[in-house]
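Only one structure is covered here, and it is reproduced in the block below.
Just the heavy atoms: all of them, side chains too, but no hydrogens, waters or symmetry mates, feed the values below.
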Amino acid sequence: MPPDEELRYPSPPPIDSNTTTDDEAGWVWAQIKAEARRDAESEPALASYLYSTILSHSSLERSLAFHLGNKLCSSTLLSTLLYDLFLDTFASDPSLCVAAVADLRAARVRDPACISFSHCLLNFKGFLACQAHRIAHKLWNQSRRPLALALHSRISDVFAVDIHPAAKIGKGILLDHATGVVIGETAVVGNNVSILHHVTLGGTGKASGDRHPKIGDGVLIGAGAIILGDVKIGKGAKIGAGSVVLIDVPPRTTTVGNPARLIGGKEKPTKHEECPGESMDHTSFISDWSDYII
């Protein structure tokens, strides 16, 4: 089979009321192992790496715990310690694996550069940073805050992604490229959100308390966008690349510019039907932006 040919083994479970999270996770894990076997055969130089990281493990949780442990370890924070910590955390909260599977599916469907599930698992630092953050968030909520903050520091050092361990992140998240993403302590990110590189969900200064953005489900945030303060980005909204957003954005609208303005105007903004966080359509608004001139 050619290396770039998509594997379908076994067939994906239908997404309906009878589909369980175990069915979904089992299908994705079978895909990952099949892809790893294919890649090990076609590229012998990677065989040992793929065996130790994927093929020697019995589950996605074990593979992910092993891989994250090796990525985030240091001379004083040993990979074996991190492996045990990550595996125990996955075992204590099955929702972490559910979220990881949703993130893998999100990357595979939304990102044309993602050639396989195993490619995402092994190489997409946005995916890896998000899974490590979820573990840090779990530790934070268990009042193990020094450990959560130490893990947060390692995530920032290794992946160049700075997400405070108190921030709440949904599932089906795509951090595309991910470099320079900053998400503050009281930020909330909904489900099926796509965020490009160098995005900041930050505060406006030294204000304490609830001071960071709340991002609704299905939102798309373009590269370099800055959203500051306790503002609400409505469900299915689109934030254009390079925008600076300081006030609430209504659902299903598009905002662009610095300072950001709603396409169609504040009184009657243009609304779209698609879910931009899933469609990844960054430019559909241009025909409605009368000031756009080349």
Should [X] and [Y] be counted in the same cluster of Ile, Leu, Val, Met, Phe, Trp and Tyr side chains packed under 4.5 Å apart?
X: Phe86; Y: Leu122; value: yes
X: Val188; Y: Ile239; value: no
X: Val182; Y: Leu201; value: no

Would you confirm whether Asp162, through its side chain, and Ser156, through its main-chain N or O, come within 3.5 Å as a donor-acceptor pair?
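Looks like no, no N/O pair under 3.5 Å.
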Treating His197 as the side-chain partner and Ala178 as the backbone partner, does any N or O pair qualify as donor plus acceptor under 3.5 Å?
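Checked: no pair found.
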Side chains of [X] and [Y] in contact at under 4.5 Å (non-hydrogen atoms):
X: Arg62; Y: Tyr83; value: yes
X: Met280; Y: Leu196; value: yes
X: Trp140; Y: Leu151; value: no
X: Lys33; Y: Gln31; value: no
X: Ser63; Y: Leu121; value: yes
X: Ser74; Y: Arg154; value: yes
X: Ile183; Y: His164; value: no
X: Ile135; Y: Phe90; value: yes

Taking it one step at a time, do His152 and Ile163 satisfy side chain to side chain contact (heavy atoms under 4.5 Å, CB included)?
CA-CA 7 Å; His152 161 241; Ile163 308 175; 5.6 Å; no
Would you say NZ of Lys235 has more than 12 non-hydrogen atoms from neighbouring residues, nucleotides or ligands within 6.0 angstrom?
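Atom NZ in Lys235 is not packed in, count stays at 12 or less.
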How many angstroms lie between atom [atom1] of [X] and atom [atom2] of [Y], to the nearest 0.5 angstrom?
X: Ile233; Y: Thr253; atom1: CD1; atom2: OG1; answer: 8.5 Å
X: His119; Y: Arg108; atom1: NE2; atom2: CZ; answer: 9.5 Å
X: Leu50; Y: Arg38; atom1: CG; atom2: CZ; answer: 10.0 Å
X: Leu64; Y: Leu96; atom1: CG; atom2: CG; answer: 9.5 Å
X: Arg134; Y: Ile173; atom1: CZ; atom2: CD1; answer: 6.5 Å
X: Thr53; Y: Lys71; atom1: OG1; atom2: NZ; answer: 9.0 Å

With side-chain contact (heavy atoms from CB on, under 4.5 Å) as the test, pick out the partner of Phe159 among Leu175, Val181, Leu128.
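Exactly one candidate clears the test, Leu128.
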If I compare all heavy atoms of Phe124 with all of Asp111, which pair ends up nearest, and what's the gap?
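Reported closest heavy-atom pair: CE2-OD2, 3.4 Å.
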For the residue pair Glu61 and Cys97, what are the closest heavy atoms and their distance?
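So the minimum-distance heavy-atom pair works out to CD-SG, 3.6 Å.
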Worked check of salt bridge (Lys or Arg N to Asp or Glu O under 4.0 Å) between Asp103 and Lys171
CA-CA 6 Å; Asp103 293 351; Lys171 63 182 180 180; over 6 Å; no
